[in-house]
Amino acid sequence: MGILEKIAEIEREISRTQKNKATEYHLGLLKAKLAKYRAQLLEPSKSAGAKGEGFDVMKSGDARVALIGFPSVGKSTFLSLMTSTESEAASYEFTTLTCIPGVIQYKGANIQLLDLPGIIEGAAQGKGRGRQVIAVARTSDVVIMMLDATKGDVQRELLEKELESVGIRLNRLKPNIYFKPKKGGGLSYNSTVPLTQCSEKLVQLILHEYKIFNAEVLFREDSTPDEFIDVIVGNRVYMPCLYVYNKVDQISMEEVDRLARGPHSVVISCGMKLNLDYLLETLWEYLALTCIYTKKRGERPDFNDAIIMRRAASVEHVCHRIHRTLASQFKYALVWGTSTKYSPQRVGLTHIMEHEDVIQIVKK
């Protein structure tokens, strides 16, 4: 029996099993086995076949955004509208066969946008180059999930399932569980909150499935067995995702209103160029980028060339971005903007910068 058949059998077993107190250990064990087989499926095969065309694109710019979706939902049209790159778009499926990069220039930042080939059901098992598409998505900062508004929520559920099975967790935080394998001493199990979904016996069973008999486990939140398995495996990617519903000009106003009110959702129309500016604003928020302007002594600030940093970046991060030796020669900095109590304020290396602050660095 191959890995795919084993995965299908376990999934059938999970769907057949009733969820109650008596079956929770059995379900936990099945979920651990399922995660183990899926990890084996993602490993590249030992016998390397003929090398194909390169799929990944070199990371450039200040942030990277991946466009994921089923064929013919408007990904290539969106890329052509937002960037100066022309991606071939036609009325048949799989027009795009490889990864096409473009650059969005917004608020002084260069955001790399990747137009990926359409995903089909079963992509996680390698159907339709699905594995390569998902591998590129894992390296991005934000995923834009392009959906056809005329199809409702069907596409969204299928795509979420595909990404979930390869270890991409969308719009979720990393579970607050401390886990450390040890060489001896058995299992040390503790929790700082009352647990309703995981018991010590279940934790022990899951760890035994991974052949871990000595470990330290501390739950700092009420987590599910799935989240505990994610912590053991350790290769999960937690990233923000924007659900973008295209072709809203073809559905009723009530349906547009329903879709737009969903969490992490934006409705657009690439054909009629509707709501694209709001999508860019939301994307900027999700990327958590800030612009920092520099100023020389006795001169006006340079508002044409901003330094793009991640949110909650300190003065030290800004110094390293300008030059790697600047932090060691740093005396103090003068900052103008919303992060200070008064302008200019004299600050040290630990001061946290905010969007559109102006900084003047004084060296020793």
Side-chain angles (χ1 to χ4, degrees), residues 7-8 11 15 38 65-82 87-100 113-138 140 142-172 237-276 278-279 282-283 286:
I7 288 173
E11 281 176 342
S15 60
R38 277 180 178 159
V65 177
L67 273 175
I68 276 189
F70 280 95
S72 292
V73 290
K75 296 187 295 296
S76 299
T77 314
F78 178 73
L79 182 86
S80 304
L81 276 174
M82 302 307 256
S87 182
E88 192 187 340
S91 56
Y92 55 87
E93 295 191 342
F94 294 107
T95 319
T96 307
L97 295 171
T98 184
C99 178
I100 296 166
L113 187 67
L114 301 179
D115 177 20
L116 298 168
I119 281 184
I120 54 171
E121 211 176 331
Q125 278 83 46
K127 284 186 188 172
R129 296 196 86 180
R131 239 184 257 180
Q132 290 103 311
V133 172
I134 288 164
V136 175
R138 280 176 79 99
S140 59
V142 170
V143 167
I144 287 184
M145 199 182 277
M146 252 339 208
L147 305 161
D148 191 336
T150 57
K151 305 259 173 78
D153 290 327
V154 182
Q155 289 188 345
R156 175 172 168 171
E157 284 159 16
L158 285 170
L159 278 172
E160 278 179 341
K161 191 183 164 194
E162 291 295 331
L163 295 177
E164 191 89 7
S165 65
V166 293
I168 296 176
R169 305 286 178 258
L170 302 175
N171 297 322
R172 269 161 53 185
V237 179
Y238 298 85
M239 58 169 63
C241 173
L242 258 179
Y243 302 105
V244 177
Y245 291 91
N246 188 20
K247 306 180 185 177
V248 290
D249 50 308
Q250 298 175 21
I251 56 173
S252 66
M253 276 305 291
E254 289 77 21
E255 183 68 4
V256 172
D257 191 52
R258 186 187 71 81
L259 293 174
R261 285 176 190 279
H264 316 289
S265 301
V266 178
V267 291
I268 62 161
S269 169
C270 289
M272 296 179 75
K273 298 181 184 173
L274 299 173
N275 212 25
L276 296 175
Y278 175 69
L279 172 57
T282 314
L283 181 61
Y286 274 64

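Sequential numbering from 1 along the given sequence is applied to the chain's residues. Model, not experiment: these values are computed from the prediction. Just the heavy atoms: all of them, side chains too, but no hydrogens, waters or symmetry mates, feed the values below.
Here L283 contributes atom CG and I144 contributes atom CD1; the two are 4.5 Å apart, rounded to the nearest 0.5 Å. Taking CE from M82 and OG1 from T77, the interatomic distance works out to 12.5 Å, rounded to the nearest 0.5 Å. Between L170 atom CG and Y238 atom OH the span is 11.5 Å, to the nearest 0.5 Å.
Panel note: side chain N246, backbone C270; a donor-acceptor pair is recorded below 3.5 Å.
Remark: N171 engages no residue in a side-chain hydrogen bond (donor to acceptor under 3.5 Å, both in side chains) (not counting sequence neighbours). Residues satisfying the side-chain hydrogen bond (donor to acceptor under 3.5 Å, both in side chains) criterion with S140, sequence neighbours excluded, are absent altogether. When the side-chain hydrogen bond (donor to acceptor under 3.5 Å, both in side chains) test is applied to Q250, no partner is found at least two apart in sequence or on another chain. With sequence neighbours excluded, the residues forming a side chain to side chain contact (heavy atoms under 4.5 Å, CB included) with M272 are D249, S269, L274, listed by chain and number. Residues satisfying the side-chain hydrogen bond (donor to acceptor under 3.5 Å, both in side chains) criterion with Q155, sequence neighbours excluded, are absent altogether. Listed by chain and number, the residues in a salt bridge (charged side-chain N to carboxylate O under 4.0 Å, His left out) with E255 are R258 (sequence neighbours excluded). Residues satisfying the salt bridge (charged side-chain N to carboxylate O under 4.0 Å, His left out) test with R169, not counting sequence neighbours, are E164, D230. Shown here are the side chain to side chain contact (heavy atoms under 4.5 Å, CB included) partners of V237, two or more places apart in sequence or in another chain: R138, M239. V266 is linked by a side chain to side chain contact (heavy atoms under 4.5 Å, CB included) to L242, I268, N275, Y278, L279, T282, counting only residues two or more places apart in sequence or in another chain.
Across all non-hydrogen atoms, the minimal contact from Y286 to C241 is CE2-O, 3.7 Å.
With a 4.5 Å cut-off on side-chain heavy atoms, L259 and D153 count as touching. Between L147 and F70, the closest side-chain pair of non-hydrogen atoms is not below 4.5 Å. The side-chain heavy atoms of L114 and V65, taken from C-beta on, include no pair separated by under 4.5 Å.
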task = With side chain to side chain contact (heavy atoms under 4.5 Å, CB included) as the test, would you mind laying out the steps for F78 and L276 before giving the verdict?
result = CA-CA 9 Å; F78 178 73; L276 296 175; 4.2 Å; yes

key: From CA spacing to verdict: salt bridge (Lys or Arg N to Asp or Glu O under 4.0 Å), E160, R156   = CA-CA 6 Å; E160 278 179 341; R156 175 172 168 171; 3.6 Å; yes

ask   = Going through the checks in order, is the side chain to side chain contact (heavy atoms under 4.5 Å, CB included) test met by L163 and M145?
value = CA-CA 11 Å; L163 295 177; M145 199 182 277; 3.8 Å; yes

